[in-house]
Amino acid sequence: MYLRILLGVDSLVDLVKMLKKYNQEHLLGFYDELDEDGKTNLISQIKGIDFELISELYEMAQKGSDEKTDPSDIQPMAYTDKDEISSVNKDRYKAIGRKICENGEYAVVTMAGGQGTRLGHTGPKGTFDIGIGKSLFEIQCERIRNMGFNVPWYIMTSKENDADTKAFFEANNYFGYDKENIIFFTQRMLPMMLENGRIVLEEKNRIKEGADGHGGIFRAMIESGVLDDMKRRNIKWIFTCGIDNVLTRPDDLLFLGYVSEKGSMIGCKSLVKRGPCEKVGVFCKVKGRPSVIEYTEISEEMANLRDEKGNLVYGDAHILLNLFNISVFEKMGGRGLPYHVAFKKTDYINEKGEKVLADKPNAYKYEAFIFDAFSYFDDIAILRVKREEEFAPVKNKEGEDSPKTALELYLNADK
C-alpha cells in the first residue's frame, strides 16, 4: 500500500510500463538489490521527474541549435558608469534606496544550490571558508545585517544541499541574524542524460540530477510560496545574487535608488571585460530587446569594436548581480524560461551494474538562465562597477577565480 501511495500509480508493474514508454526502464534495473531505504529514495526520485519534459529536452539536445543571431540584429546597450555619477546624485540615489529599506520594501535572494566539490570542499558551497574564518554565507549575512534594516533574506538551495545548509545556519546561530527573516526554498532538479537518451544512474539507487540553473529562480519562488511571502511582507524590490562572489553588495543603497529612479523593472551591475576575447556573456539589444548574448555569437569585429572614448562597445559583462521589481517575478514565474543544453563529463552505472568513469564529456545537463527574462521587458538599467570592488568569485580550487584570488580582493576591498 505504501509503495502504491509513493508511486502515484497502481503498482510497480505500472511504473515499469511508464518507464518503458520513455525508454528509461534501466532506472529500476537494480531495484531488487536495494534495501528498503534505497528503494524508497530511488522511487521518490523517479516520481519527481517530468518525463515528457526530459524527452523534449533530449530531442532539443540532439537537434542542436540552428538559431544564430544575425549581427545586424545586435545593438549596444546604454549603461551608467558608477564612477561618473556626481556626488550629489550618489547621495540622492542612496537616500532613495534607504527609504525603500525603511519602508520594508527590499529583500535579498541568494542562489546557493551548489556543492563545493570543485574547491575540494565537502558540503554546500556557501559553507566554504576562503581563509578568513568566515563562510561565504557569513560574509554575505554580515553585509545584510550591517544595513540596519530587517531585510528578509531568502536562500535558494537544491535538494542535495538543503538539509545541510539549514543545519549549518542552525549550528552557527544564523550568524546573529533574525532567523524569522531567513527563509530557505529549493529549486527544481533535472536528471542528466547520456548521449543515448538514458537518464544517468550515478549509483544503483540514485539518479544523477542537477539544479536547473539560476533561471529556475522564477518558477521556484512561485512553487515554494516565496513570492506569496514577499507580497505579505510588502516587498517591492528583490536583489538576486550567487553565493560564490565574496564582494557581492546586497547592501548597495545607491544601486537600489538608481534603478528605482530610472523607472526600470530590472537593474543589473556590469563589469568591463578584461579584453575583447574574454569568454563572458555581454549586455546588448537583440532586435531592440535587452539581452545577454554569449561571446560565441559576437563576431571578432564586434568584440573589438570601440567607441569614441576607446571603450569596448560590447564590453559589459553580466555578473549575476541583478535587481528586480517584484512585478517581474509575477510576470515570469508561471511562464518559466527556456532550457539550454550543456555537455558535461559524468560517471555512471552501466546496465551491468559497473561504474563507468568518464574521461570526456558524455552527458547532457539542462539549465535555464536568469538573463533570458530580460527580453520580456522594454529596457533594463545597467550600472557599470569596478571588478576589483564588486566581483571576486570562488569557482576553482587554484588559479583564476580561486579562494586565493578572492581572498586578496576581499582583503583589499572597502568593507
Side-chain angles (χ1 to χ4, degrees), residues 97-98 100-116 119 121-187 211 214 217 220-221 223-253 256 320-324 326 329 392-394 403 406-407 410 413 415:
R98 185 174 295 107
I100 290 170
C101 292
E102 288 174 348
N103 291 339
E105 297 174 346
Y106 178 65
V108 175
V109 178
T110 299
M111 294 172 280
Q115 297 289 88
L119 301 172
H121 175 67
T122 301
K125 194 171 188 180
T127 65
F128 183 74
D129 176 4
I130 62 171
I132 56 173
K134 298 177 184 178
S135 66
L136 298 176
F137 280 130
E138 185 172 1
I139 290 171
Q140 203 162 112
C141 185
E142 281 185 344
R143 293 202 174 104
I144 299 171
R145 188 179 64 225
N146 291 341
M147 293 176 73
F149 307 104
N150 294 319
V151 174
W153 186 21
Y154 299 86
I155 300 171
M156 186 170 77
T157 63
S158 63
K159 186 166 63 176
E160 66 179 341
N161 77 1
D162 183 65
D164 288 340
T165 299
K166 291 175 179 175
F168 185 77
F169 271 76
E170 181 74 28
N172 286 276
N173 195 31
Y174 296 85
F175 310 108
Y177 205 66
D178 179 5
K179 70 177 183 179
E180 298 303 316
N181 279 325
I182 298 180
I183 304 95
F184 301 94
F185 66 105
T186 59
Q187 68 185 119
H214 43 67
I217 189 174
M221 283 178 55
E223 294 176 349
S224 65
V226 160
L227 191 62
D228 289 335
D229 184 74
M230 288 181 172
K231 290 177 182 177
R232 285 193 295 269
R233 294 172 184 254
N234 197 36
I235 300 299
K236 298 291 193 300
W237 291 99
I238 303 159
F239 177 75
T240 66
C241 59
I243 189 56
D244 61 1
N245 176 10
V246 300
L247 294 185
T248 293
R249 302 286 179 178
D251 55 345
D252 190 348
L253 299 179
L256 177 56
L320 205 60
L321 300 177
N322 301 315
L323 181 68
F324 296 94
I326 195 169
F329 287 87
V394 185
L407 176 61
Y410 177 82
K415 305 300 187 296

Salt bridge (charged side-chain N to carboxylate O under 4.0 Å, His left out) partners for Glu102, two or more places apart: none
Qualifying residues under salt bridge (charged side-chain N to carboxylate O under 4.0 Å, His left out), relative to Glu160, sequence neighbours excluded: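 If we apply the salt bridge (charged side-chain N to carboxylate O under 4.0 Å, His left out) test to Glu160, skipping adjacent residues, there are no hits.
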What are the two closest non-hydrogen atoms of [X] and [Y], and how far apart are they?
| X | Y | answer |
| --- | --- | --- |
| Ala107 | Val151 | CA-CG1, 4.0 Å |
| Ser158 | Gly113 | OG-O, 2.7 Å |
| Cys241 | Leu321 | CB-CD2, 3.9 Å |
| Thr186 | Ala220 | O-CB, 3.7 Å |
| Arg249 | Ala413 | NH2-CB, 3.9 Å |

What residue pairs, at least two apart or across chains, pass salt bridge (Lys or Arg N to Asp or Glu O under 4.0 Å) with a residue in [range]?
| range | answer |
| --- | --- |
| residues 225-237 | Asp229-Arg232, Asp229-Arg233, Lys231-Glu330 |
| residues 175-186 | none |
| residues 148-158 | none |

Look only at the side chain of [X] and the backbone of [Y], and say whether a donor-acceptor pair between them is shorter than 3.5 Å.
| X | Y | answer |
| --- | --- | --- |
| Asp162 | Phe184 | no |
| Asp129 | Gly131 | yes |
| Asn161 | Gln115 | no |

Quick one, [X] and [Y] - any side-chain contact, counting heavy atoms below 4.5 Å?
| X | Y | result |
| --- | --- | --- |
| Asp251 | Asn146 | no |
| Phe175 | Glu142 | no |
| Tyr410 | Ile139 | yes |
| Asn172 | Glu138 | no |
| His121 | Thr127 | yes |
| Pro250 | Gln140 | yes |
| Met147 | Leu253 | yes |
| Leu320 | Met111 | yes |

side-chain contact (heavy atoms from CB on, under 4.5 Å) assessment of Val108 paired with Arg143: CA-CA 11 Å; Val108 175; Arg143 293 202 174 104; over 6 Å; no
side-chain contact (heavy atoms from CB on, under 4.5 Å) between Leu227 and Ile326, worked out: CA-CA 8 Å; Leu227 191 62; Ile326 195 169; 3.7 Å; yes
Aromatic plane relationship, Phe239 with Tyr106 - under 30° parallel, 30 to 60° tilted, over 60° perpendicular: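 Tyr106 vs Phe239 ring planes: tilted.
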CE-CD1 distance between Met221 and Ile238, expressed to the nearest 0.5 angstrom: 4.5 Å
From Ile235 atom CD1 to Phe329 atom CZ, the distance as rounded to the nearest 0.5 Å: 12.0 Å
Among all residues two or more places apart in sequence or in another chain, which pass the side chain to side chain donor-acceptor pair (under 3.5 Å) test with [X]?
| X | result |
| --- | --- |
| Asp244 | Lys125, Lys395 |
| Tyr174 | Glu170 |
| Trp237 | none |

Selection residues 134-160 - residue pairs positive for ring pair (Phe, Tyr, Trp, His ring centres under 6.0 Å), sequence neighbours left out: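 Non-adjacent pairs meeting ring pair (Phe, Tyr, Trp, His ring centres under 6.0 Å): Phe137-Phe169, Trp153-Phe169.
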side-chain contact (heavy atoms from CB on, under 4.5 Å) evaluation trace for Cys101 with Leu256: CA-CA 9 Å; Cys101 292; Leu256 177 56; 3.9 Å; yes
Set of side-chain contact (heavy atoms from CB on, under 4.5 Å) partners for [X], sequence neighbours left out:
| X | value |
| --- | --- |
| Asp164 | Pro124 |
| Ala392 | Asn245, Val246, Leu247, Ala406, Leu409 |
| Asn103 | Lys99, Glu105 |

